[in-house]
Visitor: 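So that we are looking at the same thing, I have put the structure below in structure tokens.
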Amino acid sequence: MNSVFRLLSGCVAGALSLTFAAGVQAQAAFPNKTITIIVPYTAGGTTDLLARSVAEVLRAQGGQTVIVDNKPGAGGSIAGKMVVNANPDGYTLLMTSSGINSVTPVVYKDFNALDGLTQVSVLVDVPFVVSVHKKFAAQNLRDFIAYAKKKPDEVRIGNASQGSHGHLTQLLFDQAARIKLMGVPYKGSVPSLNDLLGGHIESTIDNVGVIKPYIDTDKLTALFVTSKTRSPALPQVPTATELGVPFDSVAWFGLAAPRNTPPQIVTQIRNMVAKGFEDKAQQEKLVKAGLTPVFGTPVEATARTQAESQSLGKLAATLNLTQN
């Protein structure tokens, strides 16, 4: 009887050891199949460019196929819900952003980024730049503020869309500078820029990457960038803080996974991406697009998301935003 018991115990222990070893091996083998990155915007934009760069470095680091799948619409909630409902194994990822985490849940109540997603990394900061038409009376920030104080609600400032991070940043700037600009929402950057270049509005706030070509060719005057430090893409343009207005706000793009994705896989994905972007050519590609590399940790990304969901989310809620 004892010998039989010892034999059975040995078999059970052996089986458990094999199971444990198989589990460890399975975890260590990540990635061992295709990874899909869901992008909440159409192909060709800044987020799509970043996603394809991330796919490139993940492919090189992990040795597996990485697919970029564009699923635009509903403020990013369509793509977001796809990832929220995906298997939490690290093979379905979301190109996320400050807007998707903070503003989209205010409008689309069936999508909750904080509850449904695990933050992998803030990949890049996306500073805004406030610029004016060359013939506008105020060609520097001091004169711009003085002009706006004399004519409240008369200086028109375009933004890419109502409730966008750029729009919210403009409202934060208004508070810091104690002025009141007339925000003019557009359906994207192009129509806003066209109206500014045509003299139909006085100013605009948009991503550095969007405005940079017009600054470089002297078609627009840059007043300031909204980041804490100068943008590598526009090093000649000062920050608002440098010019005496204590204010900063930047959008960001990042990477997220479904909630309950194992922490070791989340960390591994972040480290693979950060390692891949140590390549100077990859970094230069980002800077040229007006993006400031960050590649923070999951803990840092989670903390930033939680903080901004309070500040930007509450500000967005005051605007009575509707679905579009």
Side-chain angles (χ1 to χ4, degrees), residues 46 97-99 102 122-152 155-160 164-183 189 192-193 196 201-253 283-284 286-296 300 303-304 307-308 311-312 315:
T46 304
S97 69
S98 47
S102 305
V122 171
L123 301 175
V124 296
D125 278 339
V126 190
F128 299 103
V129 57
V130 172
S131 54
V132 295
H133 189 274
K134 279 291 180 179
K135 293 183 179 179
F136 183 54
Q139 291 291 300
N140 59 61
L141 181 56
R142 184 187 62 184
D143 291 347
F144 183 82
I145 291 174
Y147 189 98
K149 284 184 175 180
K150 289 179 181 178
K151 299 185 177 183
V155 179
R156 294 162 295 186
I157 182 166
N159 61 68
S164 64
H165 197 138
H167 180 204
L168 298 180
T169 297
Q170 175 246 307
L171 296 177
L172 293 173
F173 167 64
D174 283 9
Q175 293 174 7
R178 298 180 181 179
I179 58 177
K180 192 172 182 182
L181 303 174
M182 180 189 291
S189 299
S192 173
L193 272 170
L196 179 59
I201 58 176
E202 290 75 37
S203 59
T204 191
I205 181 167
D206 215 321
N207 297 346
V208 164
V210 172
I211 303 296
K212 176 178 167 58
Y214 301 91
I215 305 299
D216 290 345
T217 55
D218 204 34
K219 292 180 180 178
L220 297 174
T221 299
L223 299 184
F224 66 93
V225 291
T226 65
S227 44
K228 289 183 179 179
T229 58
R230 295 193 182 199
S231 167
L234 289 175
Q236 77 279 19
V237 180
T239 67
T241 302
E242 284 181 74
L243 298 174
V245 182
F247 146 85
D248 63 84
S249 176
V250 298
W252 54 266
F253 296 134
Q283 288 192 20
E284 288 174 1
L286 298 181
V287 172
K288 187 176 181 180
L291 308 175
T292 303
V294 177
F295 301 107
E300 292 168 338
R304 187 167 178 177
E308 289 183 348
S311 58
L312 294 180
L315 183 56

Visitor: Are T239 and K228 linked by a side-chain donor-acceptor pair shorter than 3.5 Å?
Guide: no
Visitor: Working to the nearest 0.5 angstrom, can you tell me the gap between I157 CD1 and H167 NE2?
Guide: 9.5 Å
Visitor: Look at the side chain of S203 and the backbone N and O of R156, then say whether any donor-acceptor pair between them is shorter than 3.5 Å.
Guide: yes
Visitor: Could you report the tightest heavy-atom contact between R230 and V225, atom names first, then the distance?
Guide: CA-CG2, 4.4 Å
Visitor: Going by heavy atoms in the side chains, are P232 and V287 under 4.5 Å from each other?
Guide: yes
Visitor: Could you go through the side chain to side chain contact (heavy atoms under 4.5 Å, CB included) check for L243 and L223 one step at a time?
Guide: CA-CA 10 Å; L243 298 174; L223 299 184; over 6 Å; no
Visitor: How about P127 and T292: do any of their side-chain heavy atoms sit closer than 4.5 Å?
Guide: yes
Visitor: Between L286 and P293, what is the shortest heavy-atom contact and its length?
Guide: CD1-CG, 4.2 Å
Visitor: Check step by step if side chain to side chain contact (heavy atoms under 4.5 Å, CB included) holds for I145 and R178.
Guide: CA-CA 8 Å; I145 291 174; R178 298 180 181 179; over 6 Å; no
Visitor: Side chains of H165 and S249, heavy atoms from C-beta outward: is any pair under 4.5 Å?
Guide: yes
Visitor: Over all heavy atoms of both residues, which pair between K135 and H133 is shortest? Give the atoms and the distance, please.
Guide: N-ND1, 2.9 Å
Visitor: Should the heavy atoms of other residues, nucleotides or ligands under 6.0 Å from CZ of F136 be counted, would the total exceed 12?
Guide: yes
Visitor: I would like to know whether L315 and L172 meet side chain to side chain contact (heavy atoms under 4.5 Å, CB included); could you show each step before the answer?
Guide: CA-CA 9 Å; L315 183 56; L172 293 173; 4.0 Å; yes
Visitor: Indicate the atoms forming the closest heavy-atom contact of A176 with V245, along with that distance.
Guide: CB-CG1, 3.8 Å
Visitor: Which atom pair, heavy atoms only, marks the closest approach of S164 to A160?
Guide: OG-N, 4.4 Å
Visitor: Decide yes or no on salt bridge (charged side-chain N to carboxylate O under 4.0 Å, His left out) for K212 and D206, but give the supporting numbers first.
Guide: CA-CA 10 Å; K212 176 178 167 58; D206 215 321; over 6 Å; no
Visitor: Nearest heavy-atom pair of T241 and P246: which atoms, and what distance?
Guide: OG1-CA, 4.2 Å
Visitor: Is there side-chain contact between T226 and V129, with at least one heavy-atom pair below 4.5 Å?
Guide: no
Visitor: Say you draw a straight line from CG of L291 to CG of D125; how long is it, rounded to the nearest 0.5 Å?
Guide: 9.5 Å
Visitor: Any idea how F247 and F173 line up, ring-wise: parallel (<30°), tilted (30 to 60°), or perpendicular (>60°)?
Guide: tilted
Visitor: Any side-chain heavy atom of L196 sitting closer than 4.5 Å to one from E202?
Guide: no
Visitor: In Å and rounded to the nearest 0.5 Å, what is the CE to CD distance from M182 to Q170?
Guide: 11.0 Å
Visitor: Can you tell me how far OG of S131 sits from NZ of K219, rounded to the nearest 0.5 angstrom?
Guide: 13.0 Å
Visitor: Regarding K288 and E284, does a basic nitrogen lie under 4.0 Å from an acidic carboxylate oxygen?
Guide: no
Visitor: Could you state the interatomic distance from CG (N140) to OG1 (T221), rounded to the nearest 0.5 Å?
Guide: 9.5 Å
Visitor: Are T204 and S192 linked by a side-chain donor-acceptor pair shorter than 3.5 Å?
Guide: yes
Visitor: Indicate yes or no: at least one non-hydrogen side-chain atom of V126 is less than 4.5 angstrom from one of F253.
Guide: yes
Visitor: Can you measure from CD1 (I211) to CZ (F128) and round to the nearest 0.5 angstrom?
Guide: 11.0 Å
Visitor: Side-chain contact test, heavy atoms from C-beta onward, threshold under 4.5 Å: evaluate it for K180 versus V155 and give yes or no.
Guide: no
Visitor: So Q139 and F144, do their side chains get closer than 4.5 Å, heavy atoms only?
Guide: no
Visitor: May I ask you to check whether E308 and S98 show a side-chain donor-acceptor distance below 3.5 Å?
Guide: no
